Amino acid sequence: MTVDVPVLAGVGQASERIGQPGYRRRSPVDLAADAARAALADTGADPAAVAAAIAVVAGVRQFETSSAAARAPLGRSGNYPRSVAARIGATPARAVLEVVGGQAPQHLVNEFAAAIAAGRGGVVLLVGSEAISTIEHYARAGDRPDFSEHPGGSLEDRGYGLRGIVPAQLANCGAGIPSQYALIENARRARLGQTRDEYAAAMGALFAPFTKVAAGNPHAAAPAVRSAAELITPTGSNRLIADPYTRYLCAREKVNQGAAVLLMPAAAAARLGVPRDRWVYLHGHAGLRERDLLDRADLSASPAAVMAARHALEVAGIGADDLATIDLYSCFPAPVFNICDGLGLAPDDPRGLTVTGGLPFFGGAGNNYSMHAIAETVARARARPGSYGFVGANGGIMSKYSAGVYSTTPAAWRPDASGTLQAQIDGWAAPAQATRADGWATIETCTVAYGRGGARTGIVIGRLDADGRRFAARTGDRDGVTIGLLAAGEPIGARVYARSFGSGNRVATTGARMDELFPPEPAASGSCG
C-alpha cells in the first residue's frame, strides 16, 4: 500500500579538469561530497537540516572498486558511502554500495523511490564520482596524494554483479568492452545493409550534435565542438580502437566528476521546508536485464533495453513524442541507435538525444554517468514546469537497462511490471553454442581490435556449417590474411575455418592456412630409449 509519494528534492554536480583554474586534485570522495553539498543547497531548504535527516547513502562504484583485480594507485575509501556522509555531516543508518554498471544511478532512483512509496524509506542520498584523470596523472608522481580512508561503520556491499558481462568464450578471444560493442555495431550495419562508409557517416552524424551540448556544459571533460567527419576519421589523436570505432566514438573515462541526487518522501520534503517548485516526480520507471551476448537471437540489438524504455513511458502514461528532453546512454553509438530504433526516434531528433553531451564528450564517469543525466534532467524539468524528461541508463554490453521519466507535475506512485517482463525475457530461446569450434563456419559478426602499438586482433562470432551452433573465436597473431578479410569489404556472411585449442577457438580463411599458422605438434614416439 502506498504511504507517500517519492520526490527528487535536490541534485548536484561537481567537476574539475587538470590544468584548469581551480583544480585541487580532488579524490573521488571529495568530488562526491562536493556534489552532495550542491544537492543539499539545491533543495532550497536548510542544508544542515536536510543532511541530518538522511537515512540512507547509496553509492555508485568507482572503476577502482568494480572488480577484484581493480587497482587504486592513490588509495581508496574502505566505505565510500560513509566517507561521503562524514564530509557533509550526515549519519545515515544505512550505507549501500551498488553493483557495477552504468544502469546503477537510475536503478537506485527506481529502487529507493519504490521503497519510499511503500513506506520503507526516508531521505536518501544517491551519489557517485570518478577521479580517473587525477588518479592516472598522479599515479607515478613523486608528490602524489593519498586518497586512502577508513571511516568504519556498516556497509551493504552488493558485490560486483559482473556475471555474464564478458562471457568466457569472448574473454578467451581478448574481446574487451569496446570490441564487444563493435561486434554489436557491425551486426547492425550488416542487418541494415549499409557499407562501412555509410555506417561510419551515420555514427558521426549521430554524435556530432552531442559535442555541441558538451561544449556548453561547464562540467564536460572534453568541451569541444567536432564535426561528423572529425569523429570518424582516424588520426594520431583519434586512433582506431575496434572496427568501426575511433577513440572519439568511445566513452571518455579520464574524468574528474561527481553527481548526487536527494530522494525523499513528499511529507519529508514539506517538513524540511523544500519549496514545492523544487519537487520533481518519477512518473515512469523500469529496469530489465538482457540475455548474455552469445545467448541473444539477434546480435545487433537489445530488445530488453527497448522494452525497459517503452515500459517506463507506459507507466508514465506518455509516448516518446511527449518528451521535452531525452538522455540516452552513449558509451558507444550502438546503445543510442538501439533505443532510437525501438522507440522510433530519429538520430537527428531536434530535441536532442543527450542533456549532458554524452559519454565520449561530457565524460564517461565510470558507472555514474547517468547520475549527471538525472541531475541535468531535473534542472530542465524545473525550468519547464509540466514537461517530461527521459533518462535511459545502460550497463554491461547492452546488458542491463534502467529507465526513468521525470516531471514537476505531481503524480501518485505507479508500480512497474519489470518482474513480469523480465520473466518473458528469461524465457526467450537462445542459440545453441559450441565452446569448442572445429570446421567450416560462417561469420555472423566480427571486429578488428587495434592496440596502441599497431597490433591487430580479429574477433569473430560465427555459426558452424555442420550444425549451426554459435561460437566465438579470434585470428592468429600473425594471420594478416584473415585480419585483412575482417577489416575490409563485407566479411559478415563469409566462410572461415575454425579450430579449437586449449586457449580458445581460432579462425582462418582456410584449413590449410590454419595448418600453416598452427602446425600440429609432433606425436611422441613411444620409445623408452
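The model shown is predicted, which means the values in this text are computed figures rather than measured ones. Nothing fancy with the numbering, it's 1 onward along the sequence.
Between Ala214 and Ala222 the shortest heavy-atom distance is CB-O, 4.3 Å. Of all heavy-atom pairs spanning Ala104 and Val99, the tightest one is CB-O, 4.1 Å. Listed here is the closest heavy atom pair of Gly389 and Thr377: CA-CG2, 3.9 Å. When all heavy atoms of Leu343 and Ala309 are compared, the closest pair comes out as CD1-CB, 4.1 Å. Nearest heavy atom pair, residue Gly12 against residue Ala38, reads CA-CB, 3.7 Å. Summarising the geometry of Pro335 relative to Asn394, their closest heavy-atom pair is CG-ND2, 4.3 Å, with the distance given to 0.1 Å.
Side chain to side chain, Asn367 and Ser66 meet the donor-acceptor criterion of an N or O pair below 3.5 Å. Between Gln13 and Glu376, the side chains place a donor N or O and an acceptor N or O closer than 3.5 Å (distance only, hydrogens not considered). In summary, the side chains of Asp327 and Tyr369 do present a donor paired with an acceptor at a separation below 3.5 Å, with no hydrogens or angles considered. Using a 3.5 Å distance cut-off with no hydrogens or angles, the side chains of Ser302 and Glu290 do pair a donor with an acceptor.
Checked against the 6.0 Å centroid criterion, the rings of His219 and Phe362 do not qualify as a close aromatic pair.
Separating the CD1 atom in Ile397 from the CG atom in Asp292 is a distance of 10.5 Å, to the nearest 0.5 Å. For the atom pair CZ (Arg26) and OG (Ser133), the distance works out to 15.0 Å, reported to the nearest 0.5 Å. Going from atom CZ of Phe207 over to atom CG of Leu353 covers 9.5 Å, rounded to the nearest 0.5 Å.
With respect to Arg25 and Asp143, a salt bridge is recorded, a charged nitrogen being found less than 4.0 Å from a carboxylate O. Between Arg61 and Glu98 there is no salt bridge, since no side-chain nitrogen of the basic residue lies less than 4.0 Å from a carboxylate oxygen of the acidic one.
Residues satisfying the ring-ring contact (aromatic ring centres under 6.0 Å, His included) criterion with Phe112, sequence neighbours excluded, are absent altogether. With sequence neighbours left out, the ring-ring contact (aromatic ring centres under 6.0 Å, His included) criterion links Phe332 to Tyr181, Tyr245.
Remark: Ile177 CD1 is loosely packed, at most 12 non-hydrogen atoms of other residues, nucleotides or ligands lying under 6.0 Å away. Other residues, nucleotides and ligands contribute over 12 non-hydrogen atoms within 6.0 Å of the CZ atom of Arg351.
Using cut-offs of 30° and 60° for the angle between ring planes, the His285 and Trp413 rings count as parallel.
A 4.5 Å side-chain heavy-atom check between Ile184 and Asn338 finds every atom pair outside the cut-off.
In this structure, Ser83 contributes its side chain and Pro81 its backbone to no donor-acceptor pair below 3.5 Å. In this structure a side-chain-to-backbone donor-acceptor pair under 3.5 Å is present from Ser387 to Arg384. No donor-acceptor pair closer than 3.5 Å links the side chain of Asn238 to the backbone N or O of Thr246. Between the Arg252 side chain and the Gly364 main chain, no donor and acceptor come within less than 3.5 Å of each other. Using modelled atom types, one side-chain atom of Ser227 and one backbone atom of Glu230 make a donor-acceptor pair closer than 3.5 Å. Distance alone, capped at 3.5 Å, is enough to place a donor-acceptor pair between the Arg82 side chain and the Pro92 backbone. Counting only distance, with no hydrogens or angles, the side chain of Arg37 and the backbone of Ile88 share no donor-acceptor pair below 3.5 Å. With Lys400 contributing its side chain and Val100 its backbone, the two residues share a donor-acceptor pair below 3.5 Å. Judged by distance alone, with hydrogens and angles left aside, the side-chain atoms of Thr211 form a donor-acceptor pair with the main-chain N or O of Arg226 at under 3.5 Å. Side chain of Asp30 to main chain of Ser27: a donor-acceptor pair is present (N/O by atom type, distance under 3.5 Å, no hydrogens or angles).
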Result block: side-chain N/O donor-acceptor pairs under 3.5 angstrom for residues 314-326, not counting sequence neighbours:
residue	atom	partner	partner atom	Å
Glu314	OE1	His311	ND1	3.2
Asp322	OD2	Gly319	N	2.9

Which side-chain N or O atoms in residues 265-278 pair as donor and acceptor under 3.5 Å with protein atoms at least two apart or in another chain?
residue	atom	partner	partner atom	Å
Arg278	NE	Asp42	O	3.1
Arg278	NH2	Asp42	O	3.3
Arg278	NH2	Asp42	OD1	2.7

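Applying the salt bridge (charged side-chain N to carboxylate O under 4.0 Å, His left out) definition to pairs two or more places apart or across chains, those involving residues 146-156 are Arg87-Glu149, Arg94-Glu156, Glu156-Arg158. Applying the ring-ring contact (aromatic ring centres under 6.0 Å, His included) definition to pairs two or more places apart or across chains, those involving residues 376-400 are His283-Tyr388.
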Side chain to side chain contact (heavy atoms under 4.5 Å, CB included) between Asn256 and Gln20, intermediate numbers included: CA-CA 12 Å; Asn256 298 318; Gln20 297 297 308; over 6 Å; no

Derivation and outcome, side chain to side chain contact (heavy atoms under 4.5 Å, CB included), residues Ser402 and Asn110: CA-CA 8 Å; Ser402 290; Asn110 295 352; 4.3 Å; yes

Residue pair Val213, Thr356: steps toward the side chain to side chain contact (heavy atoms under 4.5 Å, CB included) verdict: CA-CA 6 Å; Val213 178; Thr356 65; 5.7 Å; no

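Geometrically, Arg289 does not engage Tyr401 in a cation-pi contact defined by less than 6.0 Å to the ring centre and at most 45° from the axis.
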